[in-house]
Protein chains: 2
Amino acid sequence: MGWGGRIGWFVPLWRWRLKCFIRGAMLTSTEGSAHPRMRFNPSFQRGGNGLTQQPRNGRAPSVKDVAAAAGVSLGTVSNVLNRPAVVSTATRERVERAMADLGFIRNESARQLRAGTSRALAYVMLDGGNPFFQDVAEGIENAADAADLSLFVCNSGGRAERESKHLDRLVQQRVQGILITPVDPDASHVADIARRGIPFVMVDRLSSTGDHCSVAVDDVLGGRIAVEHLIDRGHDRVAFVGGPESIGQVRERYQGAREVWEEFGKPAEDLIHLPTEALTVSEGRSAGERLAGLPSRRRPTAAFCANDLLALGLLQHAVTAGLRVPDDLAIVGFDDIDFAAAAAVPLTSVRQPRQELGRTAARLVLDEATNPDHQHEQATFVPALVARASTGTVRR
Amino acid sequence: MGWGGRIGWFVPLWRWRLKCFIRGAMLTSTEGSAHPRMRFNPSFQRGGNGLTQQPRNGRAPSVKDVAAAAGVSLGTVSNVLNRPAVVSTATRERVERAMADLGFIRNESARQLRAGTSRALAYVMLDGGNPFFQDVAEGIENAADAADLSLFVCNSGGRAERESKHLDRLVQQRVQGILITPVDPDASHVADIARRGIPFVMVDRLSSTGDHCSVAVDDVLGGRIAVEHLIDRGHDRVAFVGGPESIGQVRERYQGAREVWEEFGKPAEDLIHLPTEALTVSEGRSAGERLAGLPSRRRPTAAFCANDLLALGLLQHAVTAGLRVPDDLAIVGFDDIDFAAAAAVPLTSVRQPRQELGRTAARLVLDEATNPDHQHEQATFVPALVARASTGTVRR
DNA sequence: TTGTACGCGTTATCAA
DNA sequence: TTGATAACGCGTACAA
């Protein structure tokens, strides 16, 4: 059975349900004007708050119902909704009264159909379990809220096929714009979005082609300041903890680390790469085990982690293993999520302006959606080191 | 200017944008059947992936465009989409080809309008900054995904007026069902949802009235096992850290704590309430300060925190202040978020089945949406203590 | 097997 | 100031 069949099956149930919840509702005497349309809708009832209605056949009341109840035409109701000034006070009040009585609520689908686009944005995030992206999402939501738009928040969980599925659905929904932190910025299903002309902003990744907006911090620079800070503190052997390399952010933060390491004339083999399979707390713990397993003369005295989750996992392992942080092992994270400061040994981290990334991305996508002179923009933020106890002491 | 004006202004921009991105796209010779409708759409082009089209006046291609391009009627296209079996292979392929060429994507608004309901669920969460709710949301999203539904994730941030605004929008969107962890379960705007007949499930709160489904753990029991665990470990003075009392979860966890404290014959004044203004890490820190400020003979040797965020804040303050955890201060949290286990002193916590709460809630809301025999259900889960290092030792 | 015609709820245009 | 009517895109009777 195809979709049509299922839809046809849904509708009666919907009616059935309405019929059920009506049972027990307070019903008072029928009221309303003597408008002839009224006889087609004989079941209007009035209750305290307009929710005790059973308009027509069980569907939600429409402008048509309101018009009938108020004894005016459909166009007038529309005017009350969209150009209140143009309708006389008396009729407007009558219509408003009818809307309240019926519990009328505008149907967004119909408005969308008419308008050609929905009143929603969407953010497809890379990892819902990482508070960093939640904070970005919060920034977006605030901006969306201010523009009176709803926000679809989707989570790809790092899986390309799930991301693609989400995007398909969002395009079907005709969302006004899509913000995404992509699994792979070069994936075709990502490029297709911009090519369709849907306002589109890449978050936490810069566009290489420049054919859409993007918002990110300079990850290479972030890697640089993290490692420079560790060099400052006198560390001569440093671990870079992070992976997989398919993640651009990881690559660039590592690159920044290597650059500055080299510039300070340190031997490349003293910047030790501990690859991880994901940017998670548990991968951080496992990296900690590998780190502890190194022969002591090869063992780093500090670690720069590609994000805070890894750093927290590493920190946990270190403390459990009896290492003193920062004396035995200094740790720098990346993102500066709230939990970094809240760790038992507060974590030094490279701060990204999380909410502002989101706000800016939303601003750009809205500009693309509304401004005919929109120019694609690559908004780059400068990361900042927030030094805390986990790198507290200067060595030697 | 009212909304109508703005919409009217949007549409031309939309066209303008499409015109722009088309520039530079590869254009090949016009192709297609000689169907007469074709002349109304003279600008069809074919490219590699169907995205280089400029159908009609800049709007996304509709079934009508597909029909014209394939040289069939509109109904046939619809049949291809909804009852592929009923259409001959040859025409079906021709239609599918046309859809691919044009980059046709179904318009959800139109489907919704027709179907009377959207293909989306919604979850309004209480605190987006708390990973607990993110995990619940993830459970919901997985279930929604399996049912091929989109999920609106909204965040009230504990503010009733924001929650109400979200709910208004969701009702306008005609979502299939609403899941919510409400600021106040008894608020009228919450009750209105269920009264409207919208499938509705309360998450992390039980329904008192029974006129809708709900999913939660037994918070009183959770409070009991937390404090019983501390009593087991030999603690005679315990703090309950949590607030505000307007949050039902806080009240009930506290109640459970008091019950078991009394049952063990402990004097009521030795269960010390440290109220907080929110369930956040920073409030946990501030509670830590107050705790440290107590005279030593009144100072608790253990703390039960109303959630893990408070516990992490308290832990952080304790470590910073030089207290040993658990020797000087044992700590129990609630929720067992991932960061609890990842804290530098892994946190003992009362575990809620976070994802399962979400999955169950989604299951219930879908049942209400589709099953005519749906009965409201109060799904109660049993919390479980997860003992970790933060309460590690038995005292005395 | 395919095509025609109508309705979903809203908004905008135009006429009264 | 108000009313009638035609779209928007899709799904589906019903007719051919």
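Naming: A, B, ... by sequence-line order, numbering from 1 per chain.
- Straight-line distance from the CE atom of A:Met99 to the P atom of C:dG9: 17 Å, rounded to whole Å.
- Listed by chain and number, the residues in a ring-ring contact (aromatic ring centres under 6.0 Å, His included) with A:His189 amount to none (sequence neighbours excluded).
- Not counting sequence neighbours, B:Ser188 has no partner by the side-chain contact (heavy atoms from CB on, under 4.5 Å) test.
- B:Glu163 is linked by a salt bridge (charged side-chain N to carboxylate O under 4.0 Å, His left out) to nothing, counting only residues two or more places apart in sequence or in another chain.
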Determine, stepwise, if the pair A:Thr76 / A:Arg94 fulfils side-chain contact (heavy atoms from CB on, under 4.5 Å).
CA-CA 11 Å; A:Thr76 302; A:Arg94 201 147 41 95; over 6 Å; no

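- Between the side chain of A:Arg114 and the base of C:dT10 there is no donor-acceptor pair of N/O atoms closer than 3.5 Å.
- Both B:Gly75 and A:Ala110 lie close to DNA chain C; mapped to their nearest nucleotides by heavy-atom distance, the more 5′-ward contact belongs to B:Gly75.
- Looking at heavy-atom distances under 4.0 Å, B:Thr91 makes contact with sugar-phosphate atoms alone, never a base.
- Checking A:Val365, A:Val190, A:Val201, A:Ile193 one by one against A:Ile178, the side-chain contact (heavy atoms from CB on, under 4.5 Å) holds for a single residue, A:Ile193.
- For the pair B:Arg83 CZ and C:dG3 C1', the computed distance is 13 Å after rounding to whole Å.
- Residue A:Thr76 places no side-chain N or O under 4.0 Å from the OP1 or OP2 atom of D:dT2.
- Residue B:Arg92 has no polar side-chain atom (N or O) positioned under 4.0 Å from OP1 or OP2 of C:dT1.
- The residue among B:Ser78 and B:Ser109 whose nearest nucleotide of DNA chain D is located toward the 5' end is B:Ser109.
- Applying the ring-ring contact (aromatic ring centres under 6.0 Å, His included) criterion to B:His166, with sequence neighbours excluded, gives no partner residue.
- Using a 4.0 Å heavy-atom distance criterion, A:Val63 is classed as a base contact.
- Atom CZ of A:Arg174 is separated from atom P of D:dG9 by 9 Å (rounded to the nearest Å).
- Judged by distance alone, the side chain of B:Asn371 and the main-chain N or O of B:Asp367 form no donor-acceptor pair under 3.5 Å.
- For the side chain to side chain donor-acceptor pair (under 3.5 Å) test, residues two or more places apart in sequence or in another chain that qualify with A:Ser109 are A:Asn107, B:Gln112.
- Rounded to whole angstrom, the span from the CZ atom of A:Arg111 across to the P atom of C:dT11 amounts to 5 Å.
- A close approach under 4.0 Å does not occur between any side-chain nitrogen or oxygen of A:Lys64 and OP1 or OP2 of C:dG7.
- Atom CD1 in B:Ile105 sits about 11 Å away from atom P in D:dC10, given to the nearest Å.
- Applying the 4.0 Å criterion to OP1 and OP2 of C:dT10, one finds that A:Asn107 has every side-chain N and O outside that range.
- For B:Arg106, the side-chain atoms get nearest to D:dG11 when compared with the rest of D:dG11, D:dG9, C:dT10.
- In secondary-structure terms, DNA chain C builds stems of at least 3 consecutive Watson-Crick or G-U pairs, each pair having both distances under 3.5 Å, at C:1-16 with D:1-16.
- Between the CG atom of B:Leu113 and the P atom of C:dC8 there is a distance of 9 Å, rounded to whole Å.
- Regarding A:Leu74, its CG atom lies at a distance of 19 Å from the P atom of C:dA15, rounded to whole Å.
- Remark: P of C:dT10 and CD of B:Gln112 are 13 Å apart, rounded to the nearest angstrom.
- Checking C:dG9, D:dG3, C:dC8 against the side-chain heavy atoms of A:Ser62 singles out C:dG9 as nearest.
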